[in-house]
Amino acid sequence: MHLLGIFQFFILALSLTVASEEGTSECEFRKNTCNIVSCGLPGRDGSQGPKGEKGDQGRPGKVGPTGIKGDLGSMGPKGPKGEKGEVGELIPLKAQITALQGEMKTLQDVMQKYRKVMILLGAKTVDDKWFAVATSEGTFEEGKRICSQRSGVLAAPKNARENRALQELAEQFNKNIYLGMSDEKNEGTFQYQNGQTLSYTNWANGEPNGGRNENCVELYTNGQWNDKSCTEKRLIVCGF
Ligand code: MMA
Ligand code: CA
């Protein structure tokens with residue numbers, strides 16, 4: 001019995017020595033040895049260790065369900081001006097024509113009234129030319145100046161129609177008219193204010209006959225022409 005006690009003590013001492021030298025494999029050692037030698041009770045838990053380092057980020061989770069619709073946003077800035085619409089295409093052509101006819105009738109009525117007033121005041125239109133009485137008493141030089149001041153020229157008929165219009169004014173005012181032409185610069189050759197030679201004439205029989213004494217031209221109330229002194233007083237009609 002004494003020898004068995006010593007043997008048991010020896011084995012216990014050996015197991016304790018191995019356990020202290022190989023701490024990391026204590027449990028394995030216990031598994032192997034506790035079957036052979038009875039072990040003591042487990043020790044108390046140690047104190048809490050230091051906090052570990054932050055781990056790697058995990059993989060993203062699944063997409064969540066669709067959220068509820070948000071509130072209406074505020075109004076955006078004003079956009080650029082759009083191109084002009086084709087309103088005309090929307091209105092029937094017939095209605096447009098009827099509307100235009102009405103407008104034309106109104107314009108024609110207005111023009112008729114203008115014409116009446118113009119005639120009363122001593123103005124006439126021939127094609128695209130206008131004639132207007134400026135004064136009933138003026139010499140050739142006064143006439144040129146007055147018409148120039150009104151951005152016109154002393155009337156000079158270029159065809160029978162224009163001559164007829166001026167004749168009507170002469171008749172209306174019962175006065176001869178100074179025409180915008182003379183042979184002051186070159187005796188015997190009449191020319192317009194712009195220097196061009198005459199393209200139309202309506203001389204009375206025997207005219208021109210005044211030579212250097214009659215360098216201007218008057219239009220009789222019958223529409224015929226006579227060369228005349230430039231210093232008489234005649235009806236002044238401007239052309240525009
Ligand atoms: C006036 C004078 C002339 C014109 C003759 C026509 C007498 O002179 O107006 O210019 O040619 O009449 O008879
Ligand atoms: Ca004459």
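Just follow the structure's listing: the first ligand is 1, and inside any ligand the first atom is 1.
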Which N/O/S atom belongs to Glu207 and is the closest one to the Ca ion (ligand 2)? OE1
Is it true that the side chains of Asn215 and Glu184 contain a donor and an acceptor less than 3.5 Å apart? no
Side-chain donor-acceptor pair present, Ser199, Tyr192, cut-off under 3.5 Å: yes
Just to the nearest 10 degrees, tell me the angle at the Ca ion (ligand 2) spanned by Asn209 OD1 and Asn226 OD1. 130°
If the threshold is 4.0 Å, N to carboxylate O, is there a salt bridge linking Glu137 and Lys233? no
The Ca ion (ligand 2) to Glu214: nearest N/O/S atom name: OE1
Can Glu142 and Arg145 be counted as an ion pair, charged N to O under 4.0 angstrom? no
If you draw a 6.0 Å radius around OH in Tyr114, do more than 12 non-hydrogen atoms from other residues or ligands fall strictly inside? no
Which atom of Asp227 is nearest the Ca ion (ligand 2), counting N, O or S only? It is OD1
Under a plain distance cut-off of 3.5 Å, with no hydrogens placed, do Trp225 and Asn163 share a side-chain donor-acceptor pair? yes
Residues Asp109, Lys105: salt bridge by 4.0 Å N-O rule: yes
Side-chain donor-acceptor pair under 3.5 Å between Gln224 and Asn202, yes or no? no
So what's ligand 1 close to, N/O to N/O, under 3.5 Å?
from: ligand 1; atom 1: 9 (O); to: Asn226; atom 2: ND2; distance (Å): 3.0
from: ligand 1; atom 1: 9 (O); to: Lys228; atom 2: NZ; distance (Å): 2.8
from: ligand 1; atom 1: 10 (O); to: Glu214; atom 2: OE1; distance (Å): 2.9
from: ligand 1; atom 1: 10 (O); to: Glu214; atom 2: OE2; distance (Å): 2.6
from: ligand 1; atom 1: 10 (O); to: Asn226; atom 2: OD1; distance (Å): 3.0
from: ligand 1; atom 1: 10 (O); to: Asn226; atom 2: ND2; distance (Å): 2.9
from: ligand 1; atom 1: 10 (O); to: Asp227; atom 2: O; distance (Å): 2.9
from: ligand 1; atom 1: 11 (O); to: Glu207; atom 2: OE1; distance (Å): 2.9
from: ligand 1; atom 1: 11 (O); to: Glu207; atom 2: OE2; distance (Å): 2.5
from: ligand 1; atom 1: 11 (O); to: Asn209; atom 2: OD1; distance (Å): 3.0
from: ligand 1; atom 1: 11 (O); to: Asn209; atom 2: ND2; distance (Å): 3.0
from: ligand 1; atom 1: 11 (O); to: Asn226; atom 2: OD1; distance (Å): 2.9

